[in-house]
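Reviewing the structure listed below.
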Amino acid sequence: MPNYVPSPDEVTAAMTENGGWTRKQLAEWGIPHPPPQGWRKHLEAKWRGEDVAELPRQEPDQDALF
């Protein structure tokens, strides 16, 4: 897990022209791909110093593997 937590302004500034974020950028912040709902609020809470749980990682459905 990355030690650096970006400010809400930094998160907004890193947005691409299409209104999203790259996988690389999300990975630098410790956000799984695809990013779960509420990931920006999660980062903001961490930036404020709140003790927050890890974000859930979305695992592929076993049926999709076969």
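Treat the numbers as computed from the prediction; the structure is a model and nothing was measured.
Annotation for E50: atom CD counts as buried by contact number, over 12 foreign heavy atoms lying within 6.0 Å. The environment of W47 atom CH2 is sparse: at most 12 non-hydrogen atoms of other residues, nucleotides or ligands sit within 6.0 angstrom.
Screening residues 35-45 for salt bridge (charged side-chain N to carboxylate O under 4.0 Å, His left out), with sequence neighbours left out, gives E44-R48.
A search for side-chain hydrogen bond (donor to acceptor under 3.5 Å, both in side chains) contacts involving T22 returns nothing, not counting sequence neighbours. Contacts of E10 classified as salt bridge (charged side-chain N to carboxylate O under 4.0 Å, His left out), with partners at least two apart in sequence or in another chain: none. For P34, the side chain to side chain contact (heavy atoms under 4.5 Å, CB included) criterion is met by Q58, not counting sequence neighbours. For E17, there are no side-chain hydrogen bond (donor to acceptor under 3.5 Å, both in side chains) partners, not counting sequence neighbours.
Remark: side-chain polar atoms of W21 are paired, donor with acceptor, to backbone N or O of V11 under 3.5 angstrom.
Residue A53 comes nearest to H42 through the heavy atom pair O-CE1, 2.8 Å, listed as atom of the first residue, atom of the second, then distance.
Interatomic distance, I31 CD1 to H33 NE2, rounded to the nearest 0.5 Å: 11.5 Å. Taking CG of L43 as the start and CG of L55 as the end, the distance is 7.5 Å to the nearest 0.5 Å.
No single ILVMFWY cluster, assembled from side-chain heavy atoms under 4.5 Å apart, contains both V52 and V5.
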